[in-house]
2 protein chains.
Amino acid sequence: MSITIKDVAKHAGVSIATVSRIVNNQPGFGKKTKEKVLKSIEELGYTPNAIARGLVGRETRTIGVLLPKVSGLFASKLLEGIETTARKEGYSVFVCHTDSKEDRSIQDLQVLKEKQVDGMIYASDQLSLAQGQLLEAMTCPIVFVSTQSLTHPFPYVKVDDYQAAYDGTSYLLTKGHEQIAFIGGEQDDLIAGKPRDKGFRQAMKDHGMPINEALMVYGDFRFQSGKKGLRQLLAAKTPFSAVFASSDEMAVGVLSEAYDKGISVPKDLAVLGYDNTMAAEMAIPPLTTIAQPLDDMGKQAVTLLLTIRENRGKAISNIEAEHEIVERKTVLLRKNTKGLFY
Amino acid sequence: MSITIKDVAKHAGVSIATVSRIVNNQPGFGKKTKEKVLKSIEELGYTPNAIARGLVGRETRTIGVLLPKVSGLFASKLLEGIETTARKEGYSVFVCHTDSKEDRSIQDLQVLKEKQVDGMIYASDQLSLAQGQLLEAMTCPIVFVSTQSLTHPFPYVKVDDYQAAYDGTSYLLTKGHEQIAFIGGEQDDLIAGKPRDKGFRQAMKDHGMPINEALMVYGDFRFQSGKKGLRQLLAAKTPFSAVFASSDEMAVGVLSEAYDKGISVPKDLAVLGYDNTMAAEMAIPPLTTIAQPLDDMGKQAVTLLLTIRENRGKAISNIEAEHEIVERKTVLLRKNTKGLFY
DNA sequence: ATTTAGTGAGTAAACGTTTACGTAAATGGG
DNA sequence: CCCATTTACGTAAACGTTTACTCACTAAAT
């Protein structure tokens with residue numbers, strides 16, 4: 001088969017222990033020996049076997065990432081941040097695409113455990129009971145990113161969705177909009193769905209605006225559900241001058257549907273997105289949106305993971321990522337205060 | 001530490017060989033023993049250690065994927081296809097984000113080799129000499145996807161870019177466009193850049209249309225370079241009624257720039273994209289584009305990889321993926337034959 | 001009753017490393 | 001110049017599996 005440490009040892013006329021020490025830069029060898037060995041390694045084209053290494057040492061320098069969907073701007077941006085810092089720290093990353101299916105993610109967890117990952121980053125949906133138990137039984141550290149567990153105290157890095165939605169809504173309000181429609185995520189999504197809904201409602205309330213339930217609709221964060229959302233809103237025959245969509249994809253969906261219907265954004269309708277993925281930048285017109293620092297969140301997640309690993313799981317500190325409104329072209333300052341739009 | 005096969009053996013009062021056989025469903029144990037062992041496994045919560053397994057058997061059930069950029073619709077769609085079929089076949093996938101940097105990808109190759117992957121899928125850019133040598137020295141099978149190596153005979157799965165560009169151009173021509181601008185990829189990109197350029201030129205030629213070099217500009221497949229591309233085209237002061245962009249992102253860039261400039265698509269200008277990523281679907285107006293079956297290509301790539309692995313590297317057969325024009329809203333049948341547009 | 005095949009199991013050797021321990025030679029202090 | 005310490009290595013035992021050999025035992029065939 002391939003060249004092993006033994007071959008190198010034999011070729012250089014030393015023991016395998018010496019070769020190992022030289023490869024790993026541990027003390028205990030002479031200058032001449034080192035040269036000899038290095039030359040043998042070069043000549044034979046030796047590559048250490050990380051599997052064998054992983055067996056004796058107890059680390060594999062590998063982390064697993066669970067994503068509900070790897071295509072899509074959101075997840076892939078996150079993944080990129082994760083991969084980049086992981087590599088910088090000398091780790092490789094396994095991607096697992098759970099497709100929001102519980103059985104899949106349970107299978108993934110199992111596989112990752114068998115493959116002895118040093119840690120896991122969970123960016124999938126809410127935890128089911130079974131998943132939670134599996135995660136708890138995990139021997140490696142786990143951090144959540146862009147989600148969290150309400151039932152289990154796993155550390156997470158995440159923006160404050162409630163606050164972000166509150167701020168976004170306030171922003172729309174200060175721009176003179178009063179009848180604001182809301183397109184949320186799944187209502188039973190306690191992590192990404194509900195808090196944004198709450199933040200929206202609270203901001204409206206705090207500004208003395210009534211909530212019109214006909215202007216509250218819900219989708220699944222994807223493009224098509226944004227289109228559908230606007231259709232529903234229009235069907236409600238209730239005036240509104242702005243819509244706050246809970247994801248950029250949905251926001252772009254409303255842009256698309258508005259275009260189909262001949263509604264001009266931002267003149268007739270203001271649209272605010274959430275995420276600040278590339279979709280926002282590429283949209284026509286460019287989408288004003290609430291930014292989540294996805295790449296940075298990915299970075300933070302692996303940093304946190306590694307820290308926990310070193311500290312042997314002490315202090316579980318969560319990280320609140322900063323949200324921010326990035327203004328582009330879909331929200332205008334509105335002069336007349338009443339929504340005149342059906 | 002954690003529960004090993006030894007613990008199970010002791011607990012069940014059998015030898016580790018027996019446990020191994022039962023876990024792996026190999027013959028050589030009685031019904032009662034099986035039950036006993038299964039119960040012990042259950043009780044102790046035993047999970048096999050894939051690392052140890054990988055050391056003795058010679059497979060790790062792991063493949064590596066090298067991508068130039070993991071964020072972005074193109075790569076992530078491909079990755080999704082790869083992950084999905086890999087998992088179906090019982091493999092995990094390492095993602096490596098080379099960022100089109102040669103040193104990074106060389107490092108990745110090294111790491112993947114050390115981690116003993118069973119195969120690699122290369123979807124990054126063109127090969128440098130050093131990379132090619134490294135790949136050749138690899139003991140595991142390698143397949144290229146959506147790219148290929150001109151210098152090394154690695155199997156690939158890929159659409160015929162020349163033909164696809166030829167067909168796309170012909171499509172525009174049959175729609176009545178005569179002055180067609182072209183926004184290509186890097187001109188020195190012999191894989192994704194040049195062939196599309198050639199296909200475009202040949203189609204024009206075959207239809208008796210002259211090529212105006214002022215209408216040939218080049219970008220890097222990204223959104224911003226699409227915007228810039230249209231700006232350059234406009235600056236050339238040469239009439240054209242359609243633009244063929246070599247990627248959806250660039251096409252959306254021209255849509256965006258056209259919007260800024262008040263140019264109406266498709267009325268004043270037709271736009272044809274390439275890839276059929278979600279960006280095409282989400283664009284305003286929805287983008288007519290040449291589809292690459294990205295998810296299927298990912299699937300084919302792992303299937304091919306696994307086949308080669310089984311056949312011990314015999315027959316290296318390439319796979320031509322089918323391209324197809326998907327008509328949406330950015331190309332209209334044009335009545336007057338002359339491009340009237342500056 | 002004796003041989004022949006099977007079964008159901010155990011023993012031990014791999015797989016390629018790291019590392020605790022041992023030891024001989026080299027170094028240094030007095 | 002001798003003893004103590006350090007340095008430079010080698011030996012061998014892990015790490016958790018799989019698997020080639022054994023071997024005892026049962027059941028069928030002679």
Side-chain angles (χ1 to χ4, degrees), chain A residues 1-38 40-41 44-62 90 110-111 113-118 139-140, chain B residues 1-38 40-41 44-62 90 110-111 113-118 139-140:
Chain A
M1 278 287 96
S2 55
I3 310 295
T4 75
I5 201 173
K6 277 185 202 160
D7 302 316
V8 176
K10 198 175 297 171
H11 186 270
V14 298
S15 78
I16 59 169
T18 301
V19 177
S20 173
R21 281 188 279 254
I22 290 173
V23 169
N24 296 14
N25 250 312
Q26 279 165 332
F29 52 81
K31 206 165 180 315
K32 306 222 68 167
T33 325
K34 176 171 181 180
E35 278 173 24
K36 244 191 333 185
V37 171
L38 253 27
S40 293
I41 288 178
L44 299 177
Y46 166 70
T47 308
N49 182 327
I51 297 294
R53 236 178 216 174
L55 187 55
V56 34
R58 38 182 108 301
E59 62 167 21
T60 54
R61 300 239 128 210
T62 290
Q110 184 64 27
V111 170
K113 187 175 181 186
E114 291 188 7
K115 298 227 164 128
Q116 312 289 124
V117 296
D118 292 336
T139 45
C140 65
Chain B
M1 277 288 95
S2 55
I3 309 293
T4 77
I5 200 173
K6 277 184 202 160
D7 301 317
V8 176
K10 197 175 298 170
H11 187 271
V14 300
S15 76
I16 59 169
T18 300
V19 177
S20 173
R21 280 188 281 254
I22 289 172
V23 170
N24 297 7
N25 249 311
Q26 279 165 333
F29 51 83
K31 205 166 182 318
K32 306 221 68 167
T33 323
K34 178 171 180 179
E35 277 172 25
K36 240 190 336 186
V37 170
L38 253 27
S40 294
I41 288 178
L44 298 177
Y46 166 70
T47 308
N49 182 327
I51 297 294
R53 236 179 215 171
L55 187 56
V56 35
R58 38 181 113 301
E59 61 168 22
T60 53
R61 298 238 132 211
T62 290
Q110 183 65 28
V111 170
K113 187 174 181 186
E114 291 188 7
K115 298 226 165 132
Q116 313 291 120
V117 295
D118 292 336
T139 45
C140 66

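Naming: A, B, ... by sequence-line order, numbering from 1 per chain.
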Which is more 5' along DNA chain C, the nucleotide nearest A:Ala52 or the one nearest B:Lys34? Just name the residue.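 Nearest nucleotide further toward 5': that of B:Lys34.
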What is the separation between atom NZ on B:Lys31 and atom C1' on C:dA9, rounded to the nearest whole Å?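 Rounded to whole Å, this separation is 18 Å.
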Phosphate OP1/OP2 of D:dT19: any B:Ser20 side-chain N/O under 4.0 Å: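 For B:Ser20, the contact criterion (side-chain N or O under 4.0 Å from OP1 or OP2 of D:dT19) is not met.
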NA contact type, B:Pro27, heavy-atom cut-off 4.0 Å: base, sugar-phosphate, or nothing?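 It contacts nothing in the nucleic acid.
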Could you check how far NZ of B:Lys6 sits from P of D:dA13, rounded to whole Å?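 That distance rounds to 13 Å.
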B:Arg21 CZ - D:dG16 P separation (whole Å):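 To the nearest whole Å, that distance equals 20 Å.
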Look at A:Gln26 and C:dT18 and indicate whether a side-chain polar atom (N or O) is within less than 4.0 Å of OP1 or OP2.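 Indeed not, no polar side-chain atom of A:Gln26 lies that close.
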Distance check: side-chain N/O of B:Ser15 vs OP1/OP2 of C:dG10, anything under 4.0 Å?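 Indeed, a polar side-chain atom of B:Ser15 lies that close.
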How many whole angstroms separate atom CD1 of A:Ile16 from atom P of D:dA13?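 Rounding to the nearest Å, CD1 of A:Ile16 and P of D:dA13 are 12 Å apart.
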What is the separation between atom CG on A:Asn49 and atom C1' on C:dG16, rounded to the nearest whole Å?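 These atoms are roughly 6 Å apart.
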Any chance you could measure B:Arg21, atom CZ, to B:Ile16, atom CD1, to the nearest 0.5 Å?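 It is 10.0 Å, given to the nearest 0.5 Å.
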With the side chain of B:Ala17 defined as its heavy atoms from C-beta on, choose the nearest nucleotide among C:dA12, D:dA12, D:dA8.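 Closest nucleotide to the B:Ala17 side chain: C:dA12.
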Figure out the NZ/C1' separation between A:Lys115 and D:dT17, and round it to whole Å.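 Interatomic distance, NZ of A:Lys115 to C1' of D:dT17: 15 Å.
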From CD (B:Glu114) to CZ (A:Arg53), nearest 0.5 Å: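 Reported value, rounded in 0.5 Å steps: 6.0 Å.
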Taking A:Lys115 as the fixed residue, which of B:Thr60, B:Thr62, B:Ile51 is the one that meets the side-chain contact (heavy atoms from CB on, under 4.5 Å) rule?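 Among B:Thr60, B:Thr62, B:Ile51, the one meeting side-chain contact (heavy atoms from CB on, under 4.5 Å) with A:Lys115 is B:Thr62.
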Phosphate contact (C:dG8 OP1 or OP2) by B:Thr18 side-chain N/O below 4.0 Å: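 False: B:Thr18 side-chain N/O out of range (4.0 Å or more) of C:dG8 OP1/OP2.
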Could you tell me the separation between the CD atom of B:Glu35 and the CD1 atom of B:Ile22, rounded to the nearest 0.5 Å?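 The CD1 atom of B:Ile22 is 10.0 Å from CD of B:Glu35, to the nearest 0.5 Å.
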Rounded to the nearest angstrom, tell me the gap between atom CD in B:Glu59 and atom C1' in D:dT18.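 Result: 12 Å.
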Return the minimal non-hydrogen interatomic distance between A:Asn49 and B:Leu55, and the atom names on each side.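 Closest approach of A:Asn49 to B:Leu55: ND2-CD1, 4.5 Å.
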With nearest nucleotides of DNA chain D determined for A:Val14 and B:Ile51 from heavy-atom distances, which residue corresponds to the more 5′ nucleotide?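 Going by which nucleotide is closer to the 5' end, it is A:Val14.
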Would you state whether a donor and an acceptor, one from the side chain of B:Arg58 and one from the base of C:dG16, lie under 3.5 Å apart?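 Between C:dG16 and B:Arg58, which were checked side chain against base, a qualifying N/O pair under 3.5 Å is absent.
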Any base atoms under 4.0 Å from A:Gly28, or only sugar-phosphate, or nothing? Heavy atoms, all strands.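 The residue A:Gly28 makes base contact.
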Atom CD of A:Glu35 and atom C1' of D:dC9: how far apart are they, to the nearest Å?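 In whole Å, D:dC9 C1' and A:Glu35 CD are 17 Å from each other.
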Name the closest nucleotide to the A:Tyr46 side chain, picking from C:dC21, C:dG16, C:dT17.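 Nearest nucleotide to the side chain: C:dT17.
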